[in-house]
Amino acid sequence: MWIGLAIYVGYVAVFFTVQRLSGIPYDQFGRNGHTLFIGAGLSPIIGAVLMAITTTLLGWWRPALFDRHRSVRWPIIAPIIMFVALAVNLSAVDWGSYDGAFFAASLVLLLVGFTEEITTRALVLTALRSRLGEGWVWFLTSALFGLLHGANAFLGQDLAPTIQQMVFAIGHGTPGAMAGFGAVLEFPTFALALIAVPFVIRHADERLPRPPR
């Protein structure tokens, strides 16, 4: 378990340090392509490289990405709804305000998903499974994932939206009229996801064998 927690603390330290060294406040990240890349893009690039190296050295790619147990299928409704919300949000983006530099920097931010997920939902999850059952593994990895976003309060984001990010673990130009509709879909999706948790982890046998002393 200590390996997973050390990875988590190390990731947070790298993320926070790189963004602080950028000198760009959180609320200025989306000002233009340069500030977006330097302020928000460098940390996921460095994090992705470090997490890939760490996973390879530990030999944890398979347990981090694949489960032995196949759960019931109906909870996939939740990510499908989130995909619809994403599509709605994309339709509301003011694409005319995107220049090439800003769009390129935006693509780099796709690495945020990889680094956050590989850290909490893969490496920390794999480590916790060496000692804990699936219920505690789900709860702790979800809590740690939410806490990742607490660092934004130290980077210049207001406390209220930071707390919202931590609870839900959830720009540029003028958003369209449909911008708020995607957010409306999030709340019923969160409720459905929570209801699905016991069905997903029921009868799961993912606990890893303890290493020999």
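Note that these values count all heavy atoms, side chains included, but never hydrogens, waters or copies made by symmetry. Everything quoted here is computed from the prediction, not taken from an experiment.
- Between Leu128 and Phe139 there is no side-chain heavy-atom pair separated by less than 4.5 Å.
- Scored by the side-chain contact (heavy atoms from CB on, under 4.5 Å) test, Ala193 finds Ala78 as partners (sequence neighbours excluded).
- Contact of the Met1 side chain with the Leu132 side chain is registered, since non-hydrogen atoms from C-beta on lie closer than 4.5 Å.
- Linking Ile, Leu, Val, Met, Phe, Trp and Tyr whenever their side-chain heavy atoms come within less than 4.5 Å leaves Leu109 and Met82 in two separate clusters.
- Leu148 and Val49 fall into different hydrophobic clusters, defined by Ile, Leu, Val, Met, Phe, Trp and Tyr side-chain heavy atoms under 4.5 Å apart, directly or through other members.
- By the ring-ring contact (aromatic ring centres under 6.0 Å, His included) test, Phe199 is found to be paired with Trp74, residues two or more places apart in sequence or in another chain being considered.
- Taking every heavy atom of both residues into account, Ile38 and Ser22 meet most closely at O-CB, 3.6 Å.
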Name every donor-acceptor pair, under 3.5 Å, that has one atom in a side chain of residues 9-17 and the other anywhere in the protein, sequence neighbours excluded.
from	atom 1	to	atom 2	distance (Å)
Tyr11	OH	Thr115	OG1	3.2
Thr17	OG1	Ala13	O	2.7

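- Under a hydrophobic clustering in which Ile, Leu, Val, Met, Phe, Trp and Tyr are joined whenever their side-chain heavy atoms come within less than 4.5 Å, directly or via other members, Leu65 and Trp60 fall into the same cluster.
- Here the CD1-NE2 distance, from Ile24 to His34, works out to 5.5 Å after rounding to the nearest 0.5 Å.
- In the hydrophobic cluster analysis, where Ile, Leu, Val, Met, Phe, Trp and Tyr join through side-chain heavy atoms closer than 4.5 angstrom, Val197 is grouped together with Trp136.
- Taking CD1 of Ile53 as the reference point, atom CG of Leu58 lies at 12.0 Å (rounded to 0.5 Å).
- Checking side-chain atoms of Tyr8 against main-chain N and O of Val124 turns up no donor-acceptor pair under 3.5 Å.
- Here OG1 of Thr119 is found 10.0 Å from CZ of Phe145. Values are rounded to the nearest 0.5 Å.
- Within the 4.5 Å cutoff, no side-chain heavy atoms of Ile201 are placed close to those of Val137.
- When hydrophobic residues (I, L, V, M, F, W, Y) are linked wherever their side-chain heavy atoms come within less than 4.5 Å, the members clustered with Ile76 are Ile80.
- Residue pairs meeting the side-chain hydrogen bond (donor to acceptor under 3.5 Å, both in side chains) criterion with at least one member in residues 41-58, sequence neighbours excluded, are Gln19-Ser43, Thr56-Trp61.
- Here Ile118 contributes atom CD1 and Leu111 contributes atom CG; the two are 12.5 Å apart, rounded to the nearest 0.5 Å.
- For Thr141, the side chain to side chain donor-acceptor pair (under 3.5 Å) criterion is met by no residue, not counting sequence neighbours.
- In this structure, Glu116 does not pair ionically with Arg121, as no charged nitrogen and carboxylate oxygen lie closer than 4.0 Å.
- Linking ILVMFWY residues whenever their side-chain heavy atoms come closer than 4.5 Å, directly or via other members, leaves Leu50 and Leu57 in distinct clusters.
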